[in-house]
Amino acid sequence: MNSSEYHESHLYKVRHSAAHIMAEAVLEKFPEGKVAIGPPIENGFYYDFELPRSLTEDDLAEIEGRMRELIKEKQSFVREELDAAAAQELFAAQPYKLEMIADLLGADPETTFSIYRSGAFVDLCRGPHVENSREISPQAVKLMSVAGAYWRGDEKRPMLQRIYGTAWESPKELRKHLHWLEEVKKRDHRKIITQMDLISFHEEAGPGMAYWHPKGAMMRKIIEDFWRDRHIEGGYDFVHTPHIGKAWLWETSGHLDFYRESMYAPMDVDGQDYYLKPMNCPFHILIYKSSLRSYRDLPLRWAELGTVYRYEKSGVLHGLLRVRGFTQDDAHIFCTPEQIEGEVLRVLKFSLALLRAFGFEEIQAYLATRPEKAVGEPARWEQAQASLLRAIQAEGIGYELDEGGGAFYGPKIDLKVRDALGRYWQLTTIQFDFNLPERFDMTFAGEDGHAHRPYMVHRALLGSLERFFGILVEHYGGAFPVWLAPEQARLIPIADRHIEYARQVEEQLRQAHIRAKTDASSSRMGAKIRQAKVNDKIPYMLVVGDREAETGTVAVRLRSGKQLGAITVAEFIAHATQAIKERALE
RNA sequence: GCCCAUGUAGCUCAGCUGGUAGAGCACAUUCUUGGUAAGAAUGGGGUCCUCGGUUCAAAUCCGAGCAUGGGCUCCA
């Protein structure tokens with residue numbers, strides 16, 4: 001269901017009406033409470049309140065119970081229309097409603113206001129709603145959580161209490177949703193990276209900074225190697241740049257004006273302010289400017305796995321998905337106006353291929369165009385936007401247009417991928433920049449011998465390695481495809497006398513570039529298999545006992561429980577090598 | 001940064017109204033050498049997040065700080 005279908009659906013009305021019923025129950029409990037807004041959202045609804053005290057879990061349970069009773073009363077939702085004066089009188093005790101009325105009047109002094117009555121509750125509301133509350137299934141509504149939320153999302157305005165609820169057409173659908181939430185919880189990358197010994201965080205050394213353990217670092221190495229190989233094939237060159245730069249650099253780039261609050265405080269080096277880099281672009285530009293560039297040199301495609309630091313507010317850090325230090329898979333493309341169309345298509349194709357290689361098949365594009373306040377010639381914006389759109393259409397991927405949603409310095413395409421649980425994650429961003437080439441006065445010598453301004457495109461395909469890794473973990477639930485798995489095969493000796501043979505096989509596998517380890521613990525075979533499968537999620541379990549040692553074979557078991565039977569070590573190497581090459585899930 | 005909640009062993013958690021700590025998993029040792037999802041016994045391991053306060057006595061109550069979580073906000 002897309003967004004406009006959702007807005008017209010019965011479920012949308014059910015959720016919207018459930019929000020009203022909830023407000024009714026809350027006001028019954030707190031008659032002096034003020035109501036703000038309460039819309040349907042993805043999977044449910046919320047309502048914001050100003051209440052005399054903070055709500056507790058117990059309050060939620062009580063409100064939820066009262067909602068069920070109110071629903072069963074078969075309350076009718078009745079729409080009425082009022083003029084401004086009547087509306088202001090009706091909501092005289094509701095300051096947030098009065099503010100909304102005033103705003104609506106500001107937009108159109110002739111506005112009439114619609115209200116909905118249900119039971120003892122009346123709300124300023126555009127609707128639509130269900131006919132009566134029995135259209136809401138009382139057993140398909142559940143209150144989920146309380147959270148703080150600023151009135152109108154503005155941190156200078158009062159903090160309200162928001163109650164989130166979920167509502168469905170039937171109890172069965174509610175159960176399905178709750179089950180899905182369980183699945184989301186099970187795949188939480190924060191849990192899995194700890195359990196699988198991949199990455200840790202250390203509050204005593206600074207929040208939002210990831211520490212990659214040997215197994216996590218192995219995976220990162222595989223991702224980086226793959227990324228570099230692809231970039232070589234894709235016509236990129238690599239650069240490496242420093243982690244800090246003098247204030248001059250960030251003044252010139254404009255970061256100190258526009259981005260300062262996301263930058264770490266400067267450090268004093270010999271009386272000069274040095275800043276930790278939040279972005280790589282200014283450094284790449286300095287390389288560009290290190291010599292005169294001719295149109296014959298362009299396009300230049302310069303890639304760097306560049307580690308940047310951004311000061312994220314303490315409340316927004318979230319596992320690997322929102323950190324303060326991370327490595328962008330960054331690149332900048334500098335080209336002539338004539339080349340731009342070809343370059344945009346090329347980078348989009350390249351990105352799609354890369355994302356698909358990691359197992360993301362469904363990809364959505366978002367094109368954001370020129371906002372009100374923007375730099376750069378309108379003609380350049382037009383050309384850039386047109387080339388972005390043509391590239392999307394040429395690739396035949398679905399897209400949405402965000403008119404006026406671009407950054408002030410250029411239009412962009414973002415790509416979102418759908419994961420195994422149906423969630424969309426933004427990974428790739430391809431952004432034009434009409435600002436930095438001006439600020440740094442970048443030029444190239446054209447055919448006419450004059451200096452021209454190059455086009456500049458920023459692009460990060462995986463986004464950041466940390467965030468991408470977290471998304472990969474959730475997508476696969478830790479059971480990575482063979483090519484990514486930090487340990488691809490585990491040798492499981494049945495008794496201690498088989499350890500020596502297991503180690504021999506392990507060594508053969510290592511020489512064949514298959515990552516293998518022997519479980520030489522004193523556990524029984526069943527426990528070793530359980531460990532390898534459930535905890536370590538290893539693609540291949542190779543059981544070796546007397547029979548295998550005598551015949552030079554391994555008994556292969558997959559994570560799925562499937563048995564490949566006893567095959568020779570050479571046969572296994574051929575099988576695994578093939579699966580690695582194909583990037584099979586196995 | 002803001003609101004609310006949480007912070008006890010490497011991990012997951014218990015510890016009622018204050019009387020200086022427990023379980024399971026993991027780890028170590030020993031026994032067991034087992035053919036496809038947990039063999040057994042014994043043992044080691046804790047500044048109960050930090051600082052301050054109340055109290056004869058604080059993991060427990062209060063305050064502040066830090067961190068984590070659910071959100072809000074921000075992401076030129």
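To find a chain, count down the sequence lines: A is the first, B the second, and so on, and within it residues start at 1.
Nucleic acid contact class of A:Gly319 (heavy atoms, under 4.0 Å, all strands): sugar-phosphate only. In this structure, A:Gly153 reaches the sugar-phosphate backbone alone: every heavy-atom distance under 4.0 Å involves primed, P, OP1 or OP2 atoms, never a base. Heavy atoms of A:Met263 sit nowhere under 4.0 angstrom from any nucleic acid atom. Among the atoms of the strands shown, none is found under 4.0 Å from any heavy atom of A:Ser200. Residue contacts for A:His498: at a heavy-atom cut-off of 4.0 Å it reaches no nucleic acid atom on any strand shown. Counting non-hydrogen atoms under 4.0 angstrom, A:Asp257 reaches nothing in the nucleic acid. At a threshold of 4.0 angstrom between heavy atoms, the contacts of A:Arg322 include nucleobase atoms, whether or not backbone atoms are also involved. Contact annotation for A:Arg557: base contact, defined as any heavy-atom pair under 4.0 Å involving a base atom. If you check every strand for non-hydrogen atoms under 4.0 Å, A:Phe201 touches nothing. Using a 4.0 Å heavy-atom cutoff across all strands shown, A:Glu261 reaches sugar-phosphate atoms only and no base atom. Among the protein residues, A:Glu548 comes within range of the nucleic acid bases, having at least one heavy atom under 4.0 Å from a base atom. Residue contacts for A:Arg310: at a heavy-atom cut-off of 4.0 Å it reaches no nucleic acid atom on any strand shown. Among the protein residues, A:Gly545 comes within range of the nucleic acid bases, having at least one heavy atom under 4.0 Å from a base atom. Using a 4.0 Å heavy-atom criterion, one finds that A:Ile492 contacts no nucleic acid atom at all.
A distance of about 10 Å separates the P atoms of B:rA9 and B:rC48, rounded to the whole Å. Comparing B:rC11 with B:rG69, their P atoms are spaced 15 Å from each other, to the whole Å. Between B:rU12 and B:rU68, the two P atoms lie 15 Å apart (nearest whole Å). Between B:rU8 and B:rG15, the distance separating the two P atoms is 13 Å to the nearest Å. A distance of about 28 Å separates the P atoms of B:rU32 and B:rG45, rounded to the whole Å. Rounded to whole Å, the separation between the C1' atoms of B:rA67 and B:rU30 comes to 41 Å. Comparing B:rA40 with B:rG46, their C1' atoms are spaced 27 Å from each other, to the whole Å. Comparing the P positions of B:rU50 and B:rU60 gives an interatomic distance of 10 Å, to the nearest angstrom.
In this structure, the NZ atom of A:Lys185 is 12 Å from the C1' atom of B:rU12, given to the nearest Å.
Of all nucleotides present, none satisfies the Watson-Crick or G-U wobble test against B:rC16 with each distance under 3.5 Å. Remark: B:rA76 base-pairs with no nucleotide in the shown strands. Criterion, Watson-Crick or G-U wobble with two distances under 3.5 Å. Of all nucleotides present, none satisfies the Watson-Crick or G-U wobble test against B:rG46 with each distance under 3.5 Å. A 3.5 Å limit on both hydrogen-bonding distances identifies B:rG10 as the Watson-Crick or G-U partner of B:rC25. Base-pair partner of B:rC61: B:rG53 (Watson-Crick or G-U wobble, both distances under 3.5 Å). B:rC2 is paired with B:rG71 under the Watson-Crick or G-U wobble criterion, all donor-acceptor distances under 3.5 Å.
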Exercise. In sequence, state the C-alpha distance, the side-chain angles, and the governing distance for A:Phe334 and A:Trp302, and then conclude on ring pair (Phe, Tyr, Trp, His ring centres under 6.0 Å).
Key: CA-CA 9 Å; A:Phe334 306 104; A:Trp302 289 346; 5.7 Å; yes
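Note on A:Arg162: every side-chain N or O is 4.0 Å or more away from OP1 and OP2 of B:rU73. Distances shorter than 4.0 Å separate none of the side-chain N or O atoms of A:Thr194 from OP1 or OP2 on B:rC11. Side-chain N/O atoms of A:Tyr311 include one lying less than 4.0 angstrom from OP1 or OP2 on B:rG1. Between A:Arg524 and B:rU33, a side-chain N or O to OP1/OP2 separation shorter than 4.0 Å is absent.
Side-chain N/O atoms of A:Tyr164 and A:Arg162 include a donor and acceptor closer than 3.5 Å. A side-chain donor-acceptor contact under 3.5 Å links A:Asp123 and A:Tyr47.
Residues A:Arg324 and A:Tyr311 are in side-chain contact: their nearest non-hydrogen atoms beyond the backbone lie under 4.5 Å apart.
A parallel orientation is assigned to the rings of A:His575 and A:Phe572, their planes being inclined by less than 30° (bins at 30° and 60°).
Residues that satisfy the side chain to side chain contact (heavy atoms under 4.5 Å, CB included) test with A:Pro539, not counting sequence neighbours, are A:Val482, A:Ala485, A:Arg559.
Side-chain N or O atoms of A:Gln385 include one that pairs as donor or acceptor with a backbone N or O of A:Arg370 at under 3.5 Å.
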